[in-house]
*Asks:* 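The structure under discussion is supplied below as structure tokens; questions concerning it will follow.
All values below were derived from every heavy atom in this structure, side-chain atoms included, with hydrogens, water molecules and symmetry-related copies excluded. Predicted model, so just to flag it, every value in this text is computed and none were measured.
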Amino acid sequence: MSKSLRFALLGAGLLVLAGCKSGMDMSKDYYTVTPQILQAVGGEVPYTVTGTFPAKFFPKKVVCTAIPELRWDGGSVKGEPFTLQGEKVAGNNKVVSYSDGGSFTYNGSFAYQPEMESSELFVTFIANKKGKPVEIAPVKIADGVIATEQLYKQTAMSANMAPSVDSYQRIIRQAQDANIMFVIQQANVRSSETGSDAVKALKESMKKYASDTKNYAIENVEVSAYASPDGGLSLNDKLAAQREDNAAKYMKGEINKAKIDAQVESKYTAQDWEGFKELVEKSNIQDKDLILRVLSMYDDPERRESEIKNISAVYQDLATDILPQLRRARLTLNYQIIGRSDEEIMDAFKTDAKVLSVDELLYAATLTQDNAQKKAIYTTASRYFPNDHRAFNNLGELAMIEGDLATAQQQFKKAMSLNAQAPEANTNMGLLLLAQGNPEQAQSYFAKGGESQENKQALGNLYIAQGQYERALAALKGSNTNAEALAMIMTEDYAGAKKILSAVKNADAYTSYLAAVAAARTNDSAAVAQNLKKAVGLDSSIKAKALKDLEFAKYLDAVRSL
């Protein structure tokens, strides 16, 4: 507790002391307490007392120790004491002049406890004059505590949680390649090439996909023909075009022969410098770096070819190992793998869920808005795929939505035992700990929650708990959540809070409760009554909370009538 606040609290007691012993009347006008009704901020209840000792007020031979005490029904907590002494007392305490008096400012705080919501701040005293005890009655100096900030526990419960998502794709695009190689300066398609294992496999796949239209769909066949970069641009342009034409005719013939409905799209590259560069980079050829440097220095194809041929020591290796690989036509079969439809997935879940993959099961849960059915699907996924953390995380999310924090915590822990770094499970565990009122523990989980929007918003709830309201607003901006509205209320942006609360997607009892708080702070009695009535209708326990909440001290009759 700071020295200035100790002065202030003591000042109140000294006024009583002076009144008892000197005939002076004690008056609350001698001091003020800010705020007049104490508020929880960042888990603390801070207060500031300011006042003035009049001249000839503090007795010269008095020693007085002041002790701040916050009292509530059934309990209390004391702050750090502070002692003042008169001019003629031998000691090392702060001396107060009898003739001059003085002013003081005293700052202090208590660690917040929920019981403080209905409490009063007193100062108690231990005093003596000339060694004899002096009785001084405790002095009430403030009411407390407004704990609106502590609604972060409820906003954490309604926060946007981080789901574990599926990677199911109904349509998966795939490609299968095969090469037809050509002899130098020739473009004819040789039977030795069309009979290669790769070309035969491509044709068999093409027939398979064409016949199984339920599970596959052929998009097209691409023919990309090339010439190696030696031999001159004009020659290579003509040669590559002929290779394109011949390879495309071959594939069209095979497609027609198999009676397949597929389009052939073709193109050619006259000099395949990119392919040349790629092969050189992967090779162990002598002077590889020098060849690559030539490619980077010159864009003109003829200059490139000339410079590379000048590297006589390696050109024969290029001609033997690299260039032949570039005289080709690449055949690419583009096709789709077609997965189960939404209806097929749901039917399979009902009849024989074992045939579904874990991603299909996780996807199935997104096809329903019924949380009971979601729970059944995730439970099935967790049983068939017990080493996948995702179903457990999502079961925890559902449990938290239902308010079953014990089950939610169990599921999140299970998810993290399977994947300790799973960001979504860490985010959700952090939210759960916030809902339980443990912001310090929650922070360590949010640190592993990654960069998701859900984790960013979860941090916004944490910042409210820490009293960092502006930082909370930045993290929650645009979320349209109870937490964003609470942060606005704590920064006194009541119009903004009302706007956000009207846009909350899944409004709950605390959406209406926060709206009532904003209305109370703007003296809108009708809106206070309307929103509290709605909140109590959604959650009857809120009436008892509202009766104790000093936000509604002026509206107790309306609260009692709910």
Side-chain angles (χ1 to χ4, degrees), residues 171-283 285 301 305 315-338:
I171 305 297
I172 301 175
R173 287 180 166 79
Q174 298 283 354
Q176 182 176 340
D177 290 335
N179 282 326
I180 292 176
M181 307 305 296
F182 295 95
V183 176
I184 186 171
Q185 296 187 3
Q186 291 186 20
N188 57 303
V189 176
R190 295 172 293 161
S191 59
S192 60
E193 291 300 311
T194 58
S196 69
D197 291 342
V199 173
K200 286 193 293 185
L202 184 144
K203 291 190 292 185
E204 288 302 315
S205 294
M206 190 167 58
K207 293 175 184 178
K208 174 185 175 181
Y209 303 152
S211 63
D212 187 359
T213 55
K214 179 181 179 182
N215 295 308
Y216 300 95
I218 295 175
E219 293 182 344
N220 64 11
V221 177
E222 293 182 10
V223 175
S224 302
Y226 303 88
S228 60
D230 58 321
L233 181 58
S234 177
L235 173 63
N236 286 335
D237 185 78
K238 181 179 179 180
L239 187 60
Q242 289 175 338
R243 288 172 177 173
E244 174 202 358
D245 186 55
N246 291 342
K249 285 179 180 177
Y250 168 74
M251 283 308 303
K252 288 176 183 178
E254 294 299 306
I255 288 171
N256 291 334
K257 188 190 305 181
K259 297 181 179 180
I260 295 172
D261 183 15
Q263 297 295 316
V264 176
E265 298 180 5
S266 62
K267 61 182 179 179
Y268 73 89
T269 301
Q271 293 186 316
D272 188 10
W273 285 108
E274 288 301 318
F276 177 81
K277 178 182 178 182
E278 182 179 348
L279 290 174
V280 170
E281 286 176 335
K282 294 178 179 178
S283 74
I285 200 168
E305 183 179 0
Y315 189 75
Q316 185 58 46
D317 292 335
L318 292 174
T320 302
D321 300 329
I322 303 295
L323 296 177
Q325 299 183 62
L326 303 175
R327 300 165 188 143
R328 72 201 189 283
R330 185 178 65 240
L331 312 178
T332 302
L333 172 61
N334 295 307
Y335 63 98
Q336 299 173 357
I337 300 176
I338 303 173

*Asks:* Check whether any side-chain heavy atom of K252 sits under 4.5 Å from a side-chain heavy atom of I255, and report yes or no.
*Replies:* no
*Asks:* Using side-chain hydrogen bond (donor to acceptor under 3.5 Å, both in side chains) as the criterion, list what pairs up with R190, not counting sequence neighbours.
*Replies:* none
*Asks:* Residues two or more places apart in sequence or in another chain: which of them pass side-chain hydrogen bond (donor to acceptor under 3.5 Å, both in side chains) with T320?
*Replies:* Q316
*Asks:* Looking at OG of S228 and CD of Q325, how far apart are the two atoms once the value is rounded to the nearest 0.5 Å?
*Replies:* 11.5 Å
*Asks:* With a 4.5 Å limit on heavy-atom distance, are the side chains of Q271 and L233 in contact?
*Replies:* yes
*Asks:* With sequence neighbours excluded, what pairs up with K282 under the side-chain hydrogen bond (donor to acceptor under 3.5 Å, both in side chains) test?
*Replies:* E278
*Asks:* Are more than 12 heavy atoms from other residues, nucleotides or ligands located less than 6.0 Å from atom CD of Q263?
*Replies:* no
*Asks:* Going through the checks in order, is the salt bridge (Lys or Arg N to Asp or Glu O under 4.0 Å) test met by K277 and E274?
*Replies:* CA-CA 5 Å; K277 178 182 178 182; E274 288 301 318; 5.5 Å; no
*Asks:* Could you tell me whether the side chain of I338 reaches within less than 4.5 Å of the side chain of Y216, counting heavy atoms only?
*Replies:* no
*Asks:* Which atoms form the tightest heavy-atom contact between A270 and N236, and what is the distance?
*Replies:* O-CB, 3.2 Å
*Asks:* So which atom in Q174 and which in I337 form the shortest heavy-atom distance, rounded to 0.1 Å?
*Replies:* CG-CD1, 3.8 Å
*Asks:* Might you point out which heavy atoms bring G275 and L326 nearest each other, and give the distance in Å?
*Replies:* C-CD2, 3.6 Å
*Asks:* About how many Å separate CG of D237 and CD of Q242, when rounded to the nearest 0.5 Å?
*Replies:* 10.0 Å
*Asks:* Give a yes or no on whether the backbone of A241 and the side-chain of D245 come within a donor-acceptor separation of less than 3.5 Å.
*Replies:* no
*Asks:* List the steps, then state whether side chain to side chain contact (heavy atoms under 4.5 Å, CB included) holds for V199 with E193.
*Replies:* CA-CA 8 Å; V199 173; E193 291 300 311; 5.9 Å; no
*Asks:* Rounded at 0.5 Å granularity, tell me how far CD1 in I180 sits from CZ in R328.
*Replies:* 12.5 Å
*Asks:* Could you walk me through whether I260 and K207 pass the side chain to side chain contact (heavy atoms under 4.5 Å, CB included) test, one step at a time?
*Replies:* CA-CA 7 Å; I260 295 172; K207 293 175 184 178; 4.1 Å; yes
*Asks:* Is N256 atom CG crowded by more than 12 heavy atoms from other residues, nucleotides or ligands, each under 6.0 Å away?
*Replies:* yes
*Asks:* Is any side-chain heavy atom of M251 closer than 4.5 Å to one of M206?
*Replies:* yes
*Asks:* How close do T269 and A240 get, heavy atom to heavy atom, and via which atoms?
*Replies:* O-CB, 3.6 Å
*Asks:* Mind listing the closest non-hydrogen atom pair of A247 and V189 along with its distance?
*Replies:* N-CG2, 4.0 Å
*Asks:* Checking D321 against S283 for the side chain to side chain contact (heavy atoms under 4.5 Å, CB included) test, could you report, in this order, the C-alpha distance in whole Å, the side-chain angles of both residues, the deciding distance, and whether it holds?
*Replies:* CA-CA 9 Å; D321 300 329; S283 74; over 6 Å; no
*Asks:* Measure from NZ or CZ of R327 to the centre of the six-membered ring of F182 and say whether it is under 6.0 Å with the direction within 45° of the ring axis.
*Replies:* no
*Asks:* I would like to know whether L318 and V280 meet side chain to side chain contact (heavy atoms under 4.5 Å, CB included); could you show each step before the answer?
*Replies:* CA-CA 9 Å; L318 292 174; V280 170; 4.2 Å; yes
*Asks:* If the condition is side chain to side chain contact (heavy atoms under 4.5 Å, CB included), which residues does A201 pass it with, not counting sequence neighbours?
*Replies:* Q176
*Asks:* Roughly how far, to the nearest 0.5 Å, is CD of E219 from OG1 of T332?
*Replies:* 12.0 Å
*Asks:* Under the rule for side-chain hydrogen bond (donor to acceptor under 3.5 Å, both in side chains), what residues qualify as partners of Q186, not counting sequence neighbours?
*Replies:* none
*Asks:* Between L202 and L331, which heavy-atom pair has the shortest distance, and what is it?
*Replies:* CD1-O, 3.7 Å
*Asks:* So which pairs with a foot in residues 247-275 pass ring pair (Phe, Tyr, Trp, His ring centres under 6.0 Å), sequence neighbours left out?
*Replies:* W273-F276
*Asks:* Given S266, which of E244, R243, E222 fulfils the side-chain hydrogen bond (donor to acceptor under 3.5 Å, both in side chains) condition?
*Replies:* E244
